[in-house]
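A short worksheet on the structure shown next.
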Amino acid sequence: MKYDILFYKSRKTSYCEKVIKKKLTGINMSANRIIASVAPTSLGETLCQSLTLCNVVIIVGGFLKNDSENLLTVLSRAISNSGLSLKNIRKLRGGVADGYIIKYNKQIIIALPDNPEEVEFILNDTFIEYLKSVYI
């Protein structure tokens, strides 16, 4: 199965990419596209394109600033306009920073901090088993 990685206002891209690929290659998932975005508009456009190509899209970064371009703010606006509810969203506990999973039918968006240690912590065996049960 293919997935896209979208880096949004991210700094440690290559390290995070390596961790994600290592974790997901073990369950026969491979990266389709790796894209960077620095603005909410381009993130939205890229996310829409990715969801037409893949059932799994991973967004890395965008959590640092607490403003209108923060990933959580952007996703909250998108979710409120989509008709999804809180039952479609789950917090992924990290050691220091958390991630989020948004699931709708067979599509999933995984939002992760741009810290490779946190990405590795969040994409633990329990999460990988969950992903396998849903998609593989």
Side-chain angles (χ1 to χ4, degrees):
M1 172 178 284
K2 300 275 186 190
Y3 60 90
D4 277 2
I5 300 175
L6 309 180
F7 288 106
Y8 178 63
K9 297 182 177 253
S10 190
R11 297 173 299 163
K12 299 179 182 177
T13 57
S14 64
Y15 296 116
C16 291
E17 179 183 337
K18 286 178 187 175
V19 171
I20 292 166
K21 285 182 172 179
K22 179 180 121 183
K23 292 286 192 169
L24 299 184
T25 299
I27 58 171
N28 295 321
M29 292 183 73
S30 60
N32 181 51
R33 299 182 314 160
I34 299 166
I35 307 147
S37 178
V38 294
T41 305
S42 63
L43 174 67
E45 291 167 0
T46 305
L47 181 59
C48 288
Q49 290 172 352
S50 292
L51 289 169
T52 64
L53 300 171
C54 305
N55 283 337
V56 177
V57 178
I58 301 167
I59 304 172
V60 179
F63 290 105
L64 290 180
K65 287 190 175 183
N66 197 10
D67 61 13
S68 64
E69 293 189 353
N70 178 292
L71 181 62
L72 296 179
T73 303
V74 172
L75 288 176
S76 292
R77 267 188 260 133
I79 289 166
S80 67
N81 292 331
S82 71
L84 294 175
S85 69
L86 289 177
K87 70 178 184 164
N88 299 97
I89 304 164
R90 193 171 104 195
K91 188 179 248 187
L92 302 169
R93 296 282 180 200
V96 175
D98 296 326
Y100 295 86
I101 185 168
I102 303 165
K103 184 178 180 300
Y104 182 72
N105 293 330
K106 283 290 203 176
Q107 291 190 305
I108 186 172
I109 298 169
I110 303 166
L112 299 170
D114 68 343
N115 180 314
E117 291 83 16
E118 290 299 316
V119 170
E120 185 147 17
F121 187 89
I122 292 168
L123 299 182
N124 59 33
D125 292 342
T126 303
F127 178 80
I128 297 299
E129 287 302 316
Y130 164 77
L131 201 57
K132 280 173 38 178
S133 72
V134 174
Y135 293 100
I136 310 239

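Computation of the quantities below employed the complete heavy-atom set of this structure, encompassing side-chain atoms and omitting hydrogens, waters and symmetry-equivalent molecules.
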Less than 4.5 Å apart, any side-chain heavy atom of [X] and any of [Y]?
X: Y3; Y: K21; result: yes
X: Y100; Y: L75; result: no
X: I109; Y: L51; result: yes
X: K103; Y: N88; result: no
X: Y130; Y: I101; result: yes
X: K23; Y: I128; result: yes
X: E117; Y: E120; result: no
X: F7; Y: D114; result: no

Apply the test side-chain contact (heavy atoms from CB on, under 4.5 Å) to residues I108 and L131: give CA-CA distance (whole Å), side-chain angles for both, the deciding distance (0.1 Å), then the verdict.
CA-CA 10 Å; I108 186 172; L131 201 57; 4.2 Å; yes
Result for side chain to side chain contact (heavy atoms under 4.5 Å, CB included) between L112 and one of I20, L71, I59, V19 points to I20
So if I apply the side chain to side chain contact (heavy atoms under 4.5 Å, CB included) rule between M1 and each of N28, N32, L24, V56, which one comes out positive?
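One option only clears the test, and that one is V56.
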Ignoring hydrogens and angles, tell me if any N or O in the side chain of [X] forms a donor-acceptor pair with the backbone of [Y] under 3.5 Å.
X: N55; Y: Q107; answer: no
X: K106; Y: V134; answer: yes
X: E118; Y: P113; answer: no

Any chain of hydrophobic side-chain contacts (each under 4.5 Å) joining L92 to F121?
no
Group every Ile, Leu, Val, Met, Phe, Trp and Tyr by side-chain heavy-atom contacts under 4.5 Å, then state whether L53 and I34 land in the same group.
no
Can a salt bridge be assigned to the pair D4 and R33 using a cut-off of 4.0 Å between side-chain N and carboxylate O?
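Yes.
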Solution key, residues 35-43 side-chain donor-acceptor pairs under 3.5 Å, sequence neighbours excluded:
unit_1, atom_1, unit_2, atom_2, d
S37, OG, A39, O, 3.3
S37, OG, S42, OG, 2.6
S37, OG, L43, N, 3.0
S42, OG, A39, O, 3.0

Applying side-chain contact (heavy atoms from CB on, under 4.5 Å) to E69 and Y8, what does each step give before you reach the verdict?
CA-CA 10 Å; E69 293 189 353; Y8 178 63; 3.7 Å; yes
Can you give me the closest heavy-atom contact between V119 and C16, atom names plus distance?
CG2-SG, 4.1 Å
Quick one: NZ on K22 to CG on L123, what's the gap to the nearest 0.5 Å?
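Separation between the atoms: 10.5 Å.
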Atom pair OG1/OH of T13 and Y15 - distance to nearest 0.5 Å:
9.5 Å
